[in-house]
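These notes concern the structure reproduced below.
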Amino acid sequence: MSTAVAEQVATRKPLRDGAFGHARALSCRECGHQVGLGPFYACPECFGPLEIAYDFPRVTREEIEAGPRNIWRYKALLPVPSDIEESPNTEPGFTRLLRAHNLGRELGIDHLWVKDDSTNPTNSFKDRVVACALSAARELGAKVFACPSTGNLANAVAAAGARAGIPTVVFIPSNLEQPKQVNSAVFTDQLVAVNGSYDDVNKLASEIAGEEEGWAFVNVNVRPYYAEGSKTLGYEIAEQLGWRLPDQIVIPVASGSQLTKVHKAFQELITLGLVDDKPYRVFGAQATGCAPVSVAYKAGVDAIRPVRPDTIAKSLAIGNPADGIYVLDICRETGGAVEDITDEEVREGIVLLARTEGIFTETAGGTTVGVLKKLVDTGQLDPSLETVVINTGHGLKTLDAVAGSVGPAATIEPTYAAFARTGLAQTGATATGPTQEGTA
Ligand SMILES: *Cc1c(COP(=O)(O)O)cnc(C)c1O
Ligand SMILES: [Zn+2]
C-alpha cells in the first residue's frame with residue numbers, strides 16, 4: 001500500500017453501517033491475507049490483487065425475481081448498501097438473452113444464445129462495473145470519479161458521474177475512435193486524451209491516484225468493488241436460462257476481469273444453491289493484434305508476456321492484462337480455451353452477427369463472435385452443447401471498423417427503370433433463407 005493511500009484511509013470519514021452490504025473483507029487472491037473494507041486494491045503482504053469476500057445471507061430465487069429489472073436485483077450479492085436503489089446511477093443490467101437460431105444454424109451450434117449487453121445505458125457492459133464502483137466511491141467519500149479507459153469505461157464513468165452529481169475526469173488514449181471520444185465528452189468537459197497506449201494511460205492513472213487525495217479511479221484504487229459488477233452478467237445469464245448454467249460460454253478478454261467474475265458468479269450461485277452444480281467450459285476471446293493471454297494459453301505457460309497492442313478491437317487492447325493469469329487458470333480448469341482472430345475476422349464477426357441476428361456489435365463483439373466460429377471450426381468448442389456468447393458493446397461506437405466493408409448495394413436515380421437495372425427487384429424471388437423456412 002502506498003503512503004498516499006494509507007493517509008487517505010486514516011483521514012477518511014467513518015464508513016456508514018452496511019456501506020458495502022454483505023461484503024466482509026478484502027482478501028488477497030494470491031496469499032489469502034485479509035484487510036478491512038476500504039480504498040485498497042493491492043495486498044500489503046505480497047502486492048497481489050485484493051478481491052471482495054462476503055458473508056452471504058440466505059437468498060432465494062423469488063427474492064431476486066421480485067427485485068428491480070436491473071443489476072440491483074442482485075444487490076445482496078454485491079458490495080453495495082441495501083438502500084442502493086435510492087442513490088442516482090444509470091441502472092444498468094437485465095439486458096436481453098436472445099436465442100440465436102440463425103447464427104447457431106450458420107455455425108452448426110444447436111443451442112446458442114447471445115447475451116446482448118450493448119443495450120446498457122451507455123451501450124456497453126461497463127455500466128455494470130461502474131455502478132458498483134460509484135457506490136463504493138460514494139461510501140468512501142471520494143470527491144472525484146475517474147478512470148483510465150480504452151473507451152467504453154470512460155463513457156460509463158462520465159455518464160454515471162453526471163447523474164450522481166460527482167465531478168468526473170476520464171483518461172483515454174488519444175488515438176481512440178471518435179464516436180467513443182464524443183460519447184464521453186458529451187457527459188463531461190474533463191476528458192483527457194493521452195498520447196500513448198492504454199497501458200501508458202493506466203500507468204499515469206496509478207500515479208495520479210497516488211498523488212491526489214479523494215480520487216476514486218474505478219478500475220485502479222476501487223477495482224475490487226468495480227470488478228464485482230461483472231458478476232451480474234453471470235447471474236443474469238443463469239436466471240434468464242431458468243436458473244441453470246450453460247454448458248459453454250465465450251467471453252472477450254481485455255484485462256480479464258469480466259471473464260473471471262462471470263466464473264465467480266456461477267460458483268457463487270452453485271454455493272448458494274440457486275442453480276444445480278454442473279460442469280461448464282469458459283472460453284476467452286482476443287484479437288491477434290493484442291493476444292497476450294491467448295499466446296500464453298497456446299504456449300502452455302503460466303506467465304503472460306506483455307505486448308504492444310495493434311488491433312481494431314481497441315476496447316480489448318490491453319497489452320498487460322491484470323487478470324490474465326486468472327483467465328488462464330479458469331479456461332484450463334473448466335476445459336475451455338483462449339483463442340484469437342485477425343482484424344479481418346473481427347470485421348467478419350461483426351457482419352455475421354448483424355446479418356444473422358440483427359445485432360450490431362462493436363469490435364469486441366466481432367472478436368467474440370469470430371472466436372466462437374474459430375472454436376467450432378477447430379473442434380475446441382462442442383457444437384452439441386448449450387452455448388452463450390456475450391456481446392459487450394454497440395457497433396455505433398466503432399462504425400469505422402466496418403464502414404469500408406458494407407455500404408449501399410447501388411446508388412441510383414429516383415426512377416423505377418434505374419431500380420430495375422440493379423437486379424434488386426428480384427429480391428425474395430428465389431430466397432431460401434429463414435423467412436421462407438419459418439423460425440421459432
Ligand atoms: C472493457 C471491455 C471488455 C473487457 O473487459 P475486461 O473485464 O477488462 O476483460 C470487453 N468488451 C468491451 C466492449 C469492453 O469495453
Ligand atoms: Zn497477498
Side-chain angles (χ1 to χ4, degrees), residues 88-92 117-118 120-138 142-223 225-226 229 254-255 257 290 309 311-320 322 362-364 392-401:
N89 65 80
T90 62
E91 298 181 351
D117 242 23
S118 69
N120 273 313
T122 68
N123 303 104
S124 86
F125 98 98
K126 290 295 197 304
D127 292 311
R128 297 174 183 275
V129 280
V130 166
C132 291
L134 177 60
S135 174
R138 263 203 206 98
K143 293 177 297 200
V144 179
F145 199 41
C147 69
S149 171
T150 56
N152 285 317
L153 184 59
N155 299 170
V157 164
R163 236 177 108 62
I166 298 182
T168 55
V169 185
V170 297
F171 299 83
I172 54 164
S174 57
N175 72 351
L176 209 57
E177 301 97 333
Q178 205 234 0
K180 280 189 184 156
Q181 302 205 21
V182 175
N183 267 296
S184 288
V186 76
F187 300 118
T188 178
D189 55 12
Q190 302 185 103
L191 167 70
V192 182
V194 179
N195 292 324
S197 69
Y198 170 78
D199 299 280
D200 298 323
V201 181
N202 192 31
K203 216 174 296 159
L204 171 64
S206 300
E207 208 179 313
I208 299 170
E211 294 289 332
E212 303 297 329
E213 232 180 74
W215 282 49
F217 277 91
V218 300
N219 50 341
V220 181
N221 52 0
V222 291
R223 188 174 179 86
Y225 306 89
Y226 156 95
S255 73
S257 177
C290 181
T311 169
I312 58 167
K314 292 198 163 69
S315 56
L316 301 180
I318 297 183
N320 189 12
E362 71 145 81
T363 47
T392 47
H394 204 291
L396 287 174
K397 293 199 207 183
T398 60
L399 268 183
D400 281 353

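No hydrogens, no waters, no symmetry mates; every other heavy atom, side chains included, goes into these values.
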Atom pair CG/OG1 of Asn202 and Thr150 - distance to nearest 0.5 Å: 10.5 Å

With sequence neighbours left out, what residues match Asp127 under salt bridge (Lys or Arg N to Asp or Glu O under 4.0 Å)? none

Compare every heavy atom of Thr363 with every heavy atom of Ala313, then report the nearest pair and how far apart it is. CA-OG1, 3.4 Å

Are the side chains of Leu153 and Val130 in touch, meaning some heavy atoms are under 4.5 Å apart? yes

Calculate, to the nearest 0.5 Å, the distance between atoms CH2 and OG1 belonging to Trp215 and Thr168 respectively. 9.5 Å

Can you tell if the side chain of Pro309 reaches within under 4.5 Å of the side chain of Asp199, non-hydrogen atoms only? yes

Using a 4.5 Å cut-off on heavy atoms from C-beta on, say whether the side chain of Phe145 contacts that of Arg138. no

Those residues at least two apart in sequence (or on a different chain) that pass side chain to side chain donor-acceptor pair (under 3.5 Å) with Asp189 are none

Student check: side-chain heavy atoms of Ile166 and Leu134 closer than 4.5 Å: yes

Just so I know, are the side chains of Leu176 and Lys314 near enough to count as touching, which here means a heavy-atom distance under 4.5 Å? yes

Closest approach of Ala317 to Tyr198 (non-hydrogen atoms, all atoms of both residues): O-CB, 3.8 Å

With sequence neighbours left out, what residues match Ser118 under side chain to side chain donor-acceptor pair (under 3.5 Å)? Asp116

